[in-house]
Amino acid sequence: MQATLRALGIKEINDGCSTGSNWFSSGTNLDSVSPVDGQLIAKVKTASTEDYLKVITSAKSAFLYWREVPAPKRGEIVRQFGDKLRAKKSDLGKLVSYEMGKSLQEGLGEVQEMIDICDFAVGLSRQLYGLQLHSERPNHRMMEQWHALGIVGIISAFNFPVAVWSWNTALAWICGDVCIWKPSEKTPLCSIACQHIWNEVAQENKLPEGISCIINGDYKIGELLTADTNVPLISATGSTRMGKLVGTKVAERFGKSILELGGNNAIIITENADLNMTIVGAVFGAVGTAGQRCTSTRRLIIHENVYDKVKDSLVKAYAQLKIGNPLDEKNHVGPLIDKDAVNNYLTALGRVKAEGGKIIVEGGVLEGAGYESGCYVKPAIAEAKNDMAIVQHETFAPILYLIKYETLEEAIALQNGVPQGLSSAIMTLNMREAELFLSARGSDCGIANVNIGPSGAEIGGAFGGEKETGGGRESGSDAWKAYMRRQTNTLNWGNNLPLAQGIKFDLG
Ligand code: NAD
């Protein structure tokens, strides 16, 4: 790991603020402790208010430069950034895995997502289309233009410590915006590594400071960003609790926000499902990233005719799971992020029992050799009712609820019957069932899949969810529009001044 840290420019103690080649910090130290082995990886100095103001000044000045650079040229910079990521994929993926605790495969997958969004953004940099409209007045032209917005504040969660930043920043950059990233205080080193990689591109192209900035620290630094009228857009990823605070604060000052918050994702398993495929999808969805994906499978809504079969297969599959160091590819399940997460998991299991749920695969915390960090837990399964308070709540851990249904309409109502609306899936080979699920009477989530689980979205589609998931969209499709401001232009090239709606205004 030392060679990886060196290759990514990480030192024992790192400044947590940067505007590019300029690194500084006068706040207290933050320890980055790996959930894999409980070891201190490195320290990061956090941002003070003065550091924050320095970052804002630099970003404001960079915006004046960057918005003038033609969009395809900005795309070329993003292309180079994508190439640097290709070269650093192995090191960065390893750091993601070690600092966050997800499997090495998933760590590498996260970096691949960064590369993919860069490729997407490069093409998009030549496609920031506005509309041309027909005016009701003669010799008039109407059109829509999209202009750069300014500084984009990116607040990110621990569980996708690099990909979510890149979804935002790659699009924001080609749109002509500059970015200030407030990463999770649980994964600060990932942000330091990404900023070093950006810096190589910035220096090779003689770009000014401030196009990519990072400010490390806890929620208080996030609060400076959300309250700041210098920052027209805040893109915040994290818990619904955080989103409510951030969304309110940004709305108070008429700022824009993209909120990507908690999920409570279900798979409906009909009697027409291919059960072999279903079991693999359900187990990966529930235990992958130790249940710490916003799109993790939390509920299985199973038709009564296949309920026992699915249940038995799941119990057998869970018995095969190998839990341990996520850098070892033989293991299926790594650790939770920290001991607070372990306590939340234990509390949730207690609540399942107290609220009448029946645990069929016991959970528990693992101890002994290989589990010294105290963050490794056993994935659990419980039979439950959808309206139990604990089932309605997102527990960020590998706990899976089994719920029985009779009719598909009932199953869809159960799937939709939670406050969150991120992702959903149906397993069926019946076309009518699949189409009903995808129809307006079907899933109410931002993502609805057929014959794949709710997680593992591709960057080409718009990503995000409804209801308490916050309503934001990031990544593909036309999500770029959120990073720009729309301007409607009417241009009169005639000799008269006709008014709209036929209004006459004669000065005699
Ligand atoms: P969290 O809400 O604890 O923290 C997320 C970020 O918000 C951190 O950087 C934190 O410092 C910051 N923050 C917290 N309070 C703030 C405030 N008042 N003002 C400004 N910033 C503040 O979330 P977490 O534990 O890091 O991540 C897990 C959560 O994120 C889960 O709920 C998960 O579903 C969600 N998530 C959602 C998506 C999505 O796209 N919908 C993706 C990843 C994670």
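Remember, it's 1-based here, ligands and their atoms both numbered in the order they're listed. Numbers here are sequence positions counted from 1.
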| task | Give the numbers and elements of all ligand 1 atoms closer than 4.0 Å to a heavy atom of S184. | result | 9 (O)
| Heavy atoms only: which of G262, G238, P161, S475 is nearest to atom 35 (C) of ligand 1? | G238
| remark: Sorted by chain and residue number, the side-chain hydrogen bond (donor to acceptor under 3.5 Å, both in side chains) partners of Y401 (sequence neighbours excluded) come out as none
| field | Nearest non-hydrogen protein atom, atom 13 (N) of ligand 1 | value | M242 CG, 3.5 Å
| message | Quick test: of every protein heavy atom, which one is nearest to atom 7 (O) of ligand 1, and how far off is it to 0.1 Å? | response | I155 CG2, 3.3 Å
| request: Kindly indicate, with the supporting measurements, whether the criterion side chain to side chain contact (heavy atoms under 4.5 Å, CB included) is fulfilled by Y98 and L189. | output: CA-CA 10 Å; Y98 190 52; L189 296 177; over 6 Å; no
| task | Name the closest protein heavy atom to atom 36 (N) of ligand 1, giving the residue it belongs to and the distance to 0.1 Å. | result | C294 CB, 3.5 Å
| request: Using a strict cut-off of less than 4.0 Å between a Lys/Arg side-chain nitrogen and an Asp/Glu carboxylate oxygen, indicate whether R86 and D119 qualify as a salt bridge. | output: yes
| note | among protein heavy atoms, the one nearest atom 9 (O) of ligand 1 is S156 O, 2.8 Å
| query | Out of N216, L261, V250, V164, whose heavy atom sits nearest atom 41 (N) of ligand 1? | reply | L261
| What protein heavy atom sits nearest atom 16 (C) of ligand 1, and how far away is it? | Y219 CB, 3.5 Å
| said: Measuring from non-hydrogen atoms of G465 to any atom of ligand 1, is the shortest distance under 4.0 Å? | reply: no
| Among protein heavy atoms, which lies nearest atom 26 (O) of ligand 1, and at what distance? | F158 N, 3.1 Å
| Protein heavy atom at shortest distance from atom 3 (O) of ligand 1 | S239 OG, 4.1 Å
| request: May I ask you to identify the nearest protein heavy atom to atom 32 (O) of ligand 1, giving residue, atom name and distance to one decimal place in Å? | output: E394 OE1, 2.7 Å
| said: Heavy-atom count check: over 12 atoms from other residues, nucleotides or ligands less than 6.0 Å from K249 NZ? | reply: no
| Numbering the atoms of ligand 1 from 1, which are under 4.0 Å from a heavy atom of N159? | 43 (C), 44 (C)
| task | Any atoms of ligand 1 less than 4.0 Å from a non-hydrogen atom of L245? List them with their elements. | result | 18 (N)
Going by atom type alone, with no hydrogens or angles, which donor-acceptor pairs under 3.5 Å involve a side-chain atom of residues 456-465 and a protein atom two or more places apart or on another chain?
none

| request: Ignoring angles and geometry beyond distance, decide whether D218 reaches within less than 3.5 Å of ligand 1 through its nitrogen or oxygen atoms. | output: no
| said: Using a strict threshold of under 4.0 Å (side-chain N to carboxylate O), is an ion pair present between K102 and E99? | reply: no
| Do any nitrogen or oxygen atoms of V246 come within less than 3.5 Å of a nitrogen or oxygen of ligand 1? | no
| query | Any Lys/Arg nitrogen of E106 or R293 sitting under 4.0 Å from an Asp/Glu carboxylate oxygen of the other? | reply | yes
| said: Please tell me whether F160 and W165 form a close aromatic pair, meaning their ring centres lie under 6.0 Å apart. | reply: no
| query | Is there a heavy atom of P183 sitting under 4.0 angstrom from any atom of ligand 1? | reply | yes
| query | What atoms of ligand 1 come within less than 4.0 Å of a heavy atom belonging to G222? | reply | 20 (C), 21 (N)
| query | Any luck finding a side-chain donor-acceptor pair between E209 and T19 under 3.5 Å? | reply | yes
| said: Are any of the N/O atoms on E185, whether in the backbone or the side chain, positioned under 3.5 angstrom from an N/O atom of ligand 1? | reply: yes
| Does K220 come within less than 4.0 Å of E185, counting only side-chain N to carboxylate O? | no
